[in-house]
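By convention here, the first residue in the shown sequence is residue 1. Computed from heavy atoms alone, side chains included, the values below leave out hydrogens, waters and symmetry copies. None of the values given here were measured: they were computed from a predicted structure. Order of appearance sets the numbers: ligands from 1, and atoms from 1 within every ligand.
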Amino acid sequence: MGMNQQLNSLTRKERKDLKVLALFTSVYCAAHHQAESGPLKNLPEELAHLQPYMCCDECQNFLLYAIDRRLKCPLEEKPTCKHCHVHCFRQGHREEVRKIMRYSGRALIRKGRLDLIWHYFF
Ligand SMILES: [Zn+2]
């Protein structure tokens, strides 16, 4: 996917965004697939900071896809994905993203961790 090349030059903002993606995916996974959840596997070195987030295989596949999309986002100023006009996620995945982000956003709000999601997806 040419991902490794891009990973070598991650900006602070990108690293942070990827962390938010991993956080949201792991919150969703913990609530829905806890039995299959485990540490992320075969992460490239540049994504080592995502290691603490646990996911099942399915959610990890989704997360890696989302990361790839995020790194390929052509917009310099990141709008929240909700308002984006590029629609980089193919149909199906887009609903998946929405479902996961909505669920985890609410879960984090309930836990009082609004600080983690402010300025991102909502
Ligand atoms: Zn899962």
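- Each protein N, O or S atom less than 2.8 Å from the Zn ion (ligand 1) was counted, giving 4.
- In this structure, H32 NE2 and E58 CD are separated by 11.0 Å, a value rounded to the nearest 0.5 Å.
- Here the side chains of M54 and L40 are not in contact, with every heavy-atom distance at 4.5 Å or above.
- Interatomic distance, H33 NE2 to Y28 OH, rounded to the nearest 0.5 Å: 5.0 Å.
- C59 and T25 get closest at one heavy-atom pair: O-CG2, 3.6 Å.
- Contact annotation: the side chain of E36 never approaches that of D57 to less than 4.5 Å [non-hydrogen atoms, C-beta and beyond].
- Across I100, L63, L64, a single residue satisfies side-chain contact (heavy atoms from CB on, under 4.5 Å) together with L21, and that is L63.
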